> 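I have a structure here, written as C-alpha cells, and I will follow up with some questions on it.
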There are 2 protein chains.
Amino acid sequence: MTKSPPKTASTTLEQDSIGLPSAEEDHARRRRNPTRERLLAAAGPTFAQSGFDHVTVRELAAQAEVNVAAVGYHFGDKLGLYRAVIESIRSRKDRRFPTPDNAEQDPRKRLTQIVSNLLCRMASSDETGWETQLLLREIQRPTPVFEHIVRVIFRPQFEHLIETLRELSQSELQAHQLEQVALSIVGQCTYHATGYGMISILITPENLETKFNTNSTVVHIVASTLASIQSGTIQDYEQMITEFLEATRKNR
Amino acid sequence: MTKSPPKTASTTLEQDSIGLPSAEEDHARRRRNPTRERLLAAAGPTFAQSGFDHVTVRELAAQAEVNVAAVGYHFGDKLGLYRAVIESIRSRKDRRFPTPDNAEQDPRKRLTQIVSNLLCRMASSDETGWETQLLLREIQRPTPVFEHIVRVIFRPQFEHLIETLRELSQSELQAHQLEQVALSIVGQCTYHATGYGMISILITPENLETKFNTNSTVVHIVASTLASIQSGTIQDYEQMITEFLEATRKNR
DNA sequence: GATGGTTTCAAACGATTGTTTTAAACGGTT
DNA sequence: AACCGTTTAAAACAATCGTTTGAAACCATC
C-alpha cells in the first residue's frame with residue numbers, strides 16, 4: 001500500500017539502466033539512509049563467506065543490526081540485495097582502477113603484479129578480500145547475475161592479462177594459445193584459493209607454511225608460465241602430445 | 001520401535017570399520033534389497049549434479065522411485081546415504097584400478113594419460129563422470145566427509161602424479177617444486193571443469209569448439225607443463241620474480 | 001493359515017526458509 | 001500542534017526442508 005518509493009523489482013532490471021530524471025535525487029536520498037547502507041555494507045562479506053544460497057535474510061539483518069523486513073523494503077528481494085552488492089563492487093572497482101594502466105612497464109613485472117594481486121585478494125580477508133571471494137563463489141555456483149559479472153568485471157581483467165601475455169610471447173603464440181595460457185594462470189590462482197582445504201591436507205605442514213604461501217605460489221605460477229612461454233618448444237610438445245592421444249585412442 | 005535392523009548411525013562411523021561377525025550376512029542381505037540399491041544408485045548422479053545441500057531427500061526418493069522414508073530406514077540419514085555413495089565410489093575405484101600400474105612406460109605418455117583421464121571424467125557424464133563431478137563438488141564446498149575423501153581417494157592419485165613428474169624432471173626439481181607442479185596441473189584441470197560456464201562466455205564461440213574441447217585442453221596443459229619443466233630455466237625465473245615482488249613491496 | 005520380524009507407505013511433525021502484513025515511530029511542512 | 005509520506009518493527013505468512021510416525025503390506029517359518 002504505502003511502500004511505493006524504493007522497492008526495485010530485482011527480476012526486471014538486468015543492466016544498470018540508471019538514467020531517469022528522478023533517479024538522481026532518489027539515489028542521493030537513499031545514500032543518506034543509514035539502514036540501507038548498513039545492510040548493504042554487511043551483506044557483502046556475509047554473502048562472500050557463505051555464498052548466496054547459504055545465507056539467510058535473518059543472518060544478513062542481524063549482521064547489519066536492522067530488521068528483517070528492511071531487505072524487502074529497500075531491495076525488494078534477497079536477490080535484489082545481492083545485485084546491489086555486485087553493483088557496489090563494480091562501481092568501487094571502476095573508481096579505484098579507472099584505467100588499469102600501469103602500462104609501459106616490463107611485461108614480466110606486469111604479469112607478476114597481476115598474479116600477485118589476484119592471489120593476495122583471494123587469500124586475505126581485508127576490505128578487497130571479500131569482493132574477490134564473492135566473485136569466486138559466483139564461478140563455483142552461478143547465480144542469475146553470473147553472466148553480468150563475467151562480462152562487466154572479469155572480461156576486462158582477462159583481456160588485460162592476455163595483452164600482457166601477448167607482449168611477453170613476442171607474437172610467437174596464436175590468439176587461442178594466449179587465451180589458453182591466460183586461462184591456465186587464472187585456473188591455478190582460483191585453485192590455490194578454493195582448493196586450499198585440500199592442499200593443506202596433501203602437503204606436509206612444514207612445506208605448507210614455507211613453500212605454499214601466497215608469495216611462493218605467485219613465484220611458481222609466474223615462473224612456470226614464463227618458462228613455458230619462452231622456451232620456444234611448446235609447438236613441438238603439442239605435436240608430440242597429440243600423437244600420444246591418438247595412439248591411446250587406438251589402443252582402446 | 002521395530003526398526004532396529006539397519007539404520008547405521010551416520011554420525012558415529014568415520015572409517016569403514018566393517019568387521020563384525022554378523023555384519024557379513026547383514027551386508028549380503030542388504031545387497032539383495034532392491035530399494036536400498038535403487039536409492040544408492042540414483043543418489044550418486046543426483047548428488048553429483050546439484051551438490052549435497054541442494055538435493056532434497058524427496059528428490060532422491062523420486063529419482064529412485066521409492067518412498068521418502070526409505071532413506072531414513074536404510075541409511076539413517078541423508079548424510080548416511082551420502083557416505084554410502086562415497087564408499088561405493090571408493091570401492092568401485094579400487095576394484096577397477098587395483099594397482100594403478102600402467103608402469104614402465106614413457107613418463108610423458110603417462111602424464112598425458114593422467115591428465116586425459118582426469119579431464120575426460122570431469123567433462124563427460126557417463127558412468128564415471130558423476131563420480132568425478134561429485135568429488136569436485138566436495139572440493140568446492142566440503143562436507144563432513146571431505147577429509148576422508150582427500151586421504152583415501154585423492155592422495156593416491158596425487159602421489160602417482162608426483163612420481164611421474166619426478167621421472168620427468170630427472171631429479172632436477174626439489175620435492176616441493178614437484179608438488180607445486182602437480183597442484184598446477186590439477187588446478188588447471190579442475191578449472192576447465194568447474195569454470196566452463198565462464199570460459200564459454202570469455203572465449204569466442206568458434207575457438208571454444210575447436211580449441212577448448214577436452215583434447216585441445218589436455219594437449220595444452222601437458223605441453224606447457226613439459227615445456228616449463230624441461231626448459232631448465234625455472235630457477236632463474238623464480239629468482240627474478242622474487243626480486244620483482246620485493247621491489248613491488250618496497251614501492252608500496 | 002496364523003505368527004513375528006522386515007520392509008514400505010502416506011501422513012504428519014517441528015524447524016527454518018523468504019516474504020508479507022499491519023501498525024507504530026519518525027521527520028519535515030504547514 | 002496537526003498532518004502526511006517515509007521508514008522501522010514485531011509478528012505472521014505460506015512453502016519447503018529433513019525426519020519421524022504408525023499402520024499397512026510383505027514374506028519366510030512354524
Side-chain angles (χ1 to χ4, degrees), chain A residues 1-11 22 25-40 42-43 46-47 50-85 143-144, chain B residues 1-11 22 25-40 42-43 46-47 50-85 143-144:
Chain A
M1 293 293 182
T2 58
K3 59 161 71 174
S4 36
K7 187 152 191 177
T8 59
S10 73
T11 51
S22 68
E25 54 182 69
D26 204 39
H27 196 273
R29 196 188 320 169
R30 284 185 198 166
R31 195 175 289 173
R32 281 183 245 107
N33 196 319
T35 67
R36 190 193 135 98
E37 256 198 274
R38 214 130 47 84
L39 194 48
L40 189 60
T46 312
F47 274 134
S50 309
F52 179 79
D53 295 318
H54 288 68
V55 170
T56 69
V57 292
R58 286 168 175 82
E59 234 179 289
L60 296 167
Q63 205 73 27
E65 298 182 5
V66 301
N67 193 272
V68 277
V71 44
Y73 179 77
H74 286 283
F75 302 95
D77 223 343
K78 179 188 176 185
L79 185 58
L81 173 56
Y82 187 74
R83 276 200 231 266
V85 170
T143 70
Chain B
M1 295 290 182
T2 59
K3 57 161 70 175
S4 35
K7 187 151 193 177
T8 59
S10 73
T11 51
S22 68
E25 54 184 66
D26 205 37
H27 196 274
R29 197 192 316 170
R30 285 185 198 165
R31 195 175 289 174
R32 279 183 247 106
N33 196 319
T35 65
R36 190 192 136 97
E37 256 199 272
R38 215 130 47 84
L39 194 48
L40 189 60
T46 311
F47 274 134
S50 308
F52 178 80
D53 295 319
H54 287 69
V55 170
T56 69
V57 293
R58 287 167 176 82
E59 231 178 294
L60 294 167
Q63 204 74 26
E65 298 182 4
V66 301
N67 193 275
V68 278
V71 43
Y73 179 76
H74 286 283
F75 300 95
D77 222 344
K78 180 188 176 185
L79 185 59
L81 173 54
Y82 187 75
R83 276 200 231 266
V85 169
T143 69

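Because only heavy atoms are used, hydrogens play no part in the values below, and waters and symmetry mates are left out as well, while side chains stay in. This structure is a prediction, so every number in the text was calculated from the model and none was measured. Numbers restart at 1 for each chain; the letters A, B, ... are given by sequence-line order, proteins then strands.
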> Which of these nucleotides, D:dT7, C:dT21, C:dT7, is closest to any side-chain atom of A:Tyr73?
D:dT7
> Could you check whether B:Lys78 makes a cation-pi contact with B:Phe47, meaning its NZ or CZ is under 6.0 Å from the centre of the six-membered ring and within 45° of the ring axis?
no
> Return whichever of B:Lys78 or A:Glu65 has its heavy-atom-nearest nucleotide of DNA chain D closer to the 5' end.
A:Glu65
> Between C1' on D:dT19 and NE2 on B:His74, what's the gap in Å once rounded to a whole number?
16 Å
> From D:dT19, D:dT8, C:dT21, pick the nucleotide closest to the side chain of A:Ala69?
C:dT21
> In whole angstroms, how far is the C1' atom of D:dT19 from the CG atom of B:Asp77?
9 Å
> Using atom CZ of B:Phe75 as one end and atom P of D:dT20 as the other, report the distance to the nearest whole Å.
15 Å
> Is A:Phe75 close to A:Leu39 at the side-chain level, that is, under 4.5 Å between some pair of heavy atoms?
yes
> Does some side-chain heavy atom of A:Leu60 sit less than 4.5 Å from a side-chain heavy atom of A:Leu81?
yes
> Nearest 0.5 Å please: distance from the CG atom of A:Leu40 over to the NE2 atom of A:His74.
11.0 Å
> For B:Arg58 and D:dA15, what is the distance between atoms CZ and C1' respectively, to the nearest whole Å?
11 Å
> By nearest atom, which of the nucleotides D:dT8, C:dT21, C:dT17 is closest to the A:Thr56 side chain?
C:dT17
> Between D:dC17 and B:His54, is there an OP1 or OP2 to side-chain N/O distance shorter than 4.0 Å?
no
> Between P on D:dC17 and CG on B:Asp53, what's the gap in Å once rounded to a whole number?
13 Å
> Check the distance between D:dT8's C1' and A:Asn67's CG and give it to me in whole angstrom.
7 Å
> So, do B:Tyr73 and B:Asn67 sit near enough that their side-chain heavy atoms are less than 4.5 Å apart?
no
> If I take atom OH in residue B:Tyr82 and atom C1' in nucleotide D:dG18, what distance separates them, rounded to the nearest angstrom?
17 Å
> Are any of A:Thr35's side-chain N or O atoms less than 4.0 Å away from OP1 or OP2 of D:dT8?
yes
> Measure the distance from CG on B:Leu79 to C1' on D:dG18 and round it to the nearest whole Å.
12 Å
